[in-house]
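What you see is a predicted model, and the numbers here were worked out from it, not measured in a lab. Chain letters run A, B, ... following the sequence lines, proteins first and then strands; every chain starts at 1.
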Protein chains: 2
Amino acid sequence: MPRTRSGVGTGSRGENPSKRGSKLDLFRFVPFRLNRLAAEVSAALSGEYQERYGLDIPEWRVLATLGFRNDACSAQYIAHCTRTHKSTISRAVTALMKRRLVERLENEDDRREFQLRMTRKGKALYHELIPRLLRKEQEILSCLSAQERKDFALLLGKVEKGLGLVQTRKEASKTEAY
Amino acid sequence: MPRTRSGVGTGSRGENPSKRGSKLDLFRFVPFRLNRLAAEVSAALSGEYQERYGLDIPEWRVLATLGFRNDACSAQYIAHCTRTHKSTISRAVTALMKRRLVERLENEDDRREFQLRMTRKGKALYHELIPRLLRKEQEILSCLSAQERKDFALLLGKVEKGLGLVQTRKEASKTEAY
DNA sequence: CTAAGATAGTCGCATCTGCAACTATCTAAA
DNA sequence: TTTAGATAGTTGCAGATGCGACTATCTTAG
């Protein structure tokens, strides 16, 4: 049974409790909404990569990067383009190697870094996982019309760009160096 | 533990490294984009509440909730409406009480729970912080036109609703009980 | 060649946070 | 009343992750 609210409400006590417009509705505050939404979406997806395949997010990011570029690359490259700390990527790679999903080759030209690529087993898992994730994504976006999804992607892109999250062509070609 | 099954599942276990459309561009994958964007936006804001005022996100959420409802409420209520785990809220409240930003009163009707509210000092901090955060938010959204911001908020709302993140009126009145 | 500085990757440490167990309290039913 | 079950809040524990130090290697300048 609902407890009776103490009748204070927005009424002003002597002290001027809520002066000016200096109030903030968390539910309309975009940073909070983005955080909450991201957490919820991650939770919705985790059933696929986490429970079903035992991958955590950093591990999944490594596989996704390797799978998309169908080509070997360094851990540093993955860290840069997924904006994940290099130590996190390092641990993810270690775990993936233990499970024989990823292997690494010495780089002759620069023996500090390794070339990473998925093993056959890793690729199999990747190709099994991708359709599931894409389906989940569509499920999450199913509340939007086709046009709204486009708009949403466009707006996300603008905000990302505004925050410097988007690679320019120049940066991308520089990134090739990794 | 979900060991990978021997069969590859989607068939054609042959070589064929990148078959079909089973590829995923992380940069077009909405869950990844939301995660990255939320992290970046949080980082952009942390300068205000973290560095300047020594608050972490859960602490900030407690203050924001108390500030918006200009009324005392329980820790459980805050946990529910911010979708934060109750243990996290508990620790945040403890920290805020140590700093005398928040105080709690025994609830006569139910001695399990406490009524939380900001102290004068807490309110002062809150009213100093809010305009800064709102300014930051506007800064982040400055890459969007007024109409685009509206659209963005609307689309966020639809996705939130689709995920069950939005309170209906009925739930809201039920929540009053907390 | 040598030395200084940059970079790739690893690892220890500290922090954060979710989970689950626990206490105290409330509610409802026998 | 007694007892079983629910709920508010706290806390120990473990897993995840960022930071910074460290090693090894590369590059560039003298």
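- Applying the 3.5 Å distance criterion, the base of C/dC16 shares no donor-acceptor pair with the side chain of B/Thr88.
- Of the candidate nucleotides D/dT25, D/dC19, D/dG9, D/dG9 has the atom nearest to the side chain of B/Arg104.
- Distance from the side chain of A/Gln76 is smallest to C/dG9 among D/dT11, D/dT25, C/dG9.
- Here the closest heavy-atom approach between residue A/Cys81 and residue B/Arg36 is recorded as O-NH1, 4.5 Å.
- Closest to the B/His85 side chain, of the nucleotides D/dC26, C/dT17, C/dG18, is C/dG18.
- No salt bridge links A/Arg91 with A/Glu59; every basic N to acidic carboxylate O contact stays at or beyond 4.0 Å.
- Follow the hydrophobic side-chain contacts under 4.5 Å out from A/Leu101 and you never reach A/Phe114; the two are in separate clusters.
- Taking only side-chain nitrogens and oxygens, A/Ser90 never comes nearer than 4.0 Å to OP1 or OP2 of C/dG9.
- Applying the 3.5 Å distance criterion, the base of C/dT7 shares a donor-acceptor pair with the side chain of A/Arg112.
- Between A/Lys86 and A/Asn107, the residue anchored closer to the 5' end of DNA chain D is A/Lys86, taking for each the nucleotide with the nearest heavy atom.
- Salt-bridge formation is detected for the pair A/Glu40/B/Arg83: a Lys NZ or Arg NE/NH1/NH2 atom is positioned less than 4.0 Å from an Asp or Glu carboxylate oxygen.
- Set against C/dT10, C/dG18, C/dT17, the side chain of B/Ser87 has C/dG18 as its closest nucleotide.
- Both A/Thr84 and A/Asp109 lie near DNA chain D, and the one whose nearest nucleotide falls closer to the 5' end is A/Thr84.
- In this structure, the CG atom of B/Leu105 is 13 Å from the P atom of D/dG9, given to the nearest Å.
- Residue A/Arg91 places a side-chain atom within donor-acceptor reach of the base of C/dG12, judged by atom type and a 3.5 Å distance cut-off alone.
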